[in-house]
Structure formats: structure tokens, C-alpha cells
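Below is one structure, written out as C-alpha cells; the observations come after it.
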Amino acid sequence: MDELSLYGVTLASRLLVGTAQYPSPAILATAIKAAKAEVVTVSLRRESGAGRAGENFWALIRELGVRVLPNTAGCRTVKEAVTTAQMAREVFDTSWIKLEVIGEEDTLQPDVFGLVEAAAILARDGFQVFPYTTEDLVVAEKLLGAGCEVLMPWGAPIGSGRGLNNPYGLKALRAHFPGTPLVIDAGIGAPSHAAAAMELGYDAILLNTAIAKAGDPVAMARAFALAVEAGRLGFRADPMQPRDMAAPSTPVIGRPFSDLARA
């Protein structure tokens with residue numbers, strides 16, 4: 001499969017994986033390996049330094065040799081998101097940040113106004129921002145103008161597993177920004193959802209719950225890796241376009257028996 005470039009970093013895998021909600025650290029590690037993921041997302045938690053909380057988790061992530069994409073999960077304001085991003089840069093020693101500014105509680109839909117504002121602040125501060133956004137074309141244009149070079153539109157609400165709620169909008173977003181890396185983030189629940197997104201021309205998939213909460217997270221991670229690869233190959237193979245009428249795969253001309261012979 002062809003390689004992916006995000007902010008100048010070349011990746012062989014197009015599946016990015018979250019690290020929350022797994023049954024155990026061992027299953028998390030094995031699932032990441034099965035997914036062949038090279039990038040994992042982590043949430044910064046404000047833990048007590050004296051208790052050295054989280055140290056074993058970070059040691060595990062380092063042992064896997066993957067690139068860390070910290071996120072501002074749970075942030076509801078621009079100030080909170082920017083502060084969390086600055087803390088994450090110090091902790092993880094990376095300028096990458098997955099930017100979330102949540103605006104609605106039931107759907108966890110992004111606050112796109114705050115998102116654009118926070119993205120501009122962070123980009124000016126040297127961050128390479130991965131904004132969790134909607135499929136809105138105007139918002140996408142403003143995020144690019146704010147300094148983002150990657151967009152991460154949702155497929156459906158976080159953790160819902162509904163797949164692609166608005167394929168038309170996602171297809172339009174892909175068509176309007178052909179040169180921008182687009183990563184589907186949130187809502188993917190089954191490997192078929194991931195394959196469908198890749199067949200639309202999306203560059204990568206980021207997911208967490210669908211693997212972590214599966215009956216067999218390791219097997220599901222492998223299934224998603226194969227689905228992403230299949231979807232990408234299918235897109236690059238230039239699939240046939242749907243048609244309203246049937247088209248016979250066997251031509252009529254040249255058949256060995258004619259209607260007259262059957263009569």
C-alpha cells in the first residue's frame with residue numbers, strides 16, 4: 001500500500017489507533033501490533049506527580065515504538081484546549097496535537113467556532129494541528145486558513161459506531177480539498193465502515209472504541225487493518241461507477257445459439 005504523509009512524516013500504515021478503554025495493557029499492546037498502527041492517540045491526564053501515576057502506561061507506549069498523537073479530549077473551551085495542548089507538548093515532546101473543542105454534550109459535536117480559534121492560536125505557537133471537525137466545507141476552509149495541514153472530520157458521533165452518517169458531505173469534502181490529507185475520526189464501528197471511507201478517497205482512519213470494546217480486540221484490530229488496506233486499494237484501482245440499468249457481463253453478440261436455432 002502507498003505511504004501516507006502527515007506534516008512531513010511518512011507512514012506506511014493508514015490506520016491510527018486510540019489507547020483508551022482496553023481490557024488490559026497487554027491487550028492494548030497486542031491490538032496495536034495487530035493493527036500495524038504507527039500512530040496512537042493519548043489523552044493527557046492531570047495526574048499527581050508524586051504518585052507517578054500513568055508511568056507504566058507511558059512506558060508501554062514507548063516500548064511499542066509508535067508515534068504519539070496527544071489529544072485535547074474533553075476540552076470544552078478554547079483556553080482549556082490550548083492549555084492542554086501546551087502541557088501535552090511538554091510531556092510528550094511533540095508538536096503534534098489532535099485538537100478537540102467539544103460544543104455539544106449528547107453528540108460530542110465539535111464547537112467549530114472555538115476549534116478554528118484554538119487551531120489558529122496553536123499553529124502560531126508552532127503546533128502541527130490535527131483538528132477534530134465536521135464535514136462542513138466552510139469550516140474546513142477556515143481551519144486550513146488557520147494553519148492546519150490535515151483535517152479530521154467525524155464519520156458519526158464519538159463512540160457511536162454508526163459509520164458514515166453523511167457520505168454525501170464526506171464525498172464533497174474530499175472533492176473540494178483533493179490535496180489535503182483527510183482522516184476520518186470518530187463513529188467508525190465496523191471494518192466495513194472503514195473500507196467505505198477509504199473507498200471515498202480518505203487518506204486514513206482514526207478509531208478507538210470499535211477495537212477496544214470488541215469481544216476480541218486483537219482480532220478486530222487485524223480486521224480493521226485489512227479493511228483499510230482493501231479500501232485504499234479499491235480506491236486506487238478506480239472502481240466502476242454505479243448505474244441505474246443492468247449491464248450484461250456476457251455479450252449478446254457471438255453467442256453460439258441464436259433465437260432462431262432455439263425455435
> Is Glu105 salt-bridged to Arg76, cutoff N-O under 4.0 Å?
Replying inline: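 The answer is yes: the pair qualifies as a salt bridge.
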Backbone N or O of [Y] within a donor-acceptor pair of the [X] side chain at under 3.5 Å?
{"X": "Thr77", "Y": "Glu80", "value": "yes"}
{"X": "Arg67", "Y": "Glu38", "value": "no"}
{"X": "Arg14", "Y": "Asp203", "value": "yes"}
{"X": "Asp136", "Y": "Val138", "value": "yes"}

[X] [atom1] to [Y] [atom2] distance, which is reported to the nearest 0.5 Å:
{"X": "Ser192", "Y": "Leu164", "atom1": "OG", "atom2": "CG", "answer": "9.0 Å"}
{"X": "Lys142", "Y": "Leu137", "atom1": "NZ", "atom2": "CG", "answer": "12.5 Å"}
{"X": "Ile27", "Y": "Tyr22", "atom1": "CD1", "atom2": "OH", "answer": "10.5 Å"}
{"X": "Asn71", "Y": "Met152", "atom1": "CG", "atom2": "CE", "answer": "9.0 Å"}
{"X": "Leu143", "Y": "Glu141", "atom1": "CG", "atom2": "CD", "answer": "10.0 Å"}

> Taking atom CZ of Arg162 as the centre, does the number of heavy atoms from other residues, nucleotides or ligands within less than 6.0 Å exceed 12?
Replying inline: no
> Could you give all pairs that pass the ring pair (Phe, Tyr, Trp, His ring centres under 6.0 Å) test and reach residues 159-213, with sequence neighbours left out?
Replying inline: none
> What residues form a side-chain hydrogen bond (donor to acceptor under 3.5 Å, both in side chains) with Asn166, not counting sequence neighbours?
Replying inline: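 In terms of side-chain hydrogen bond (donor to acceptor under 3.5 Å, both in side chains), with neighbours along the sequence ignored, Asn166 is linked to Glu135.
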Where do [X] and [Y] come nearest, in terms of heavy atoms and distance?
{"X": "Ala186", "Y": "Ile158", "answer": "CB-CG1, 3.7 Å"}
{"X": "Leu99", "Y": "Ala81", "answer": "CD1-CB, 3.9 Å"}
{"X": "Ser5", "Y": "Pro181", "answer": "O-CG, 3.9 Å"}
{"X": "Thr41", "Y": "Thr19", "answer": "O-OG1, 2.8 Å"}
{"X": "Val150", "Y": "Thr180", "answer": "CA-CG2, 4.5 Å"}
{"X": "Ser13", "Y": "Ala37", "answer": "OG-CA, 4.0 Å"}

>> Do Thr107 and Glu104 pair up side chain to side chain, a donor and an acceptor below 3.5 Å, judged on atom types alone?
In response: yes
> Going by distance alone, is a donor N or O of one side chain under 3.5 Å from an acceptor N or O of the other, for Ser95 and Gln128?
Replying inline: yes
> Between Tyr7 and Trp96, what is the ring plane arrangement, given parallel below 30°, perpendicular above 60°, and tilted in between?
Replying inline: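 Tyr7 vs Trp96 ring planes: tilted.
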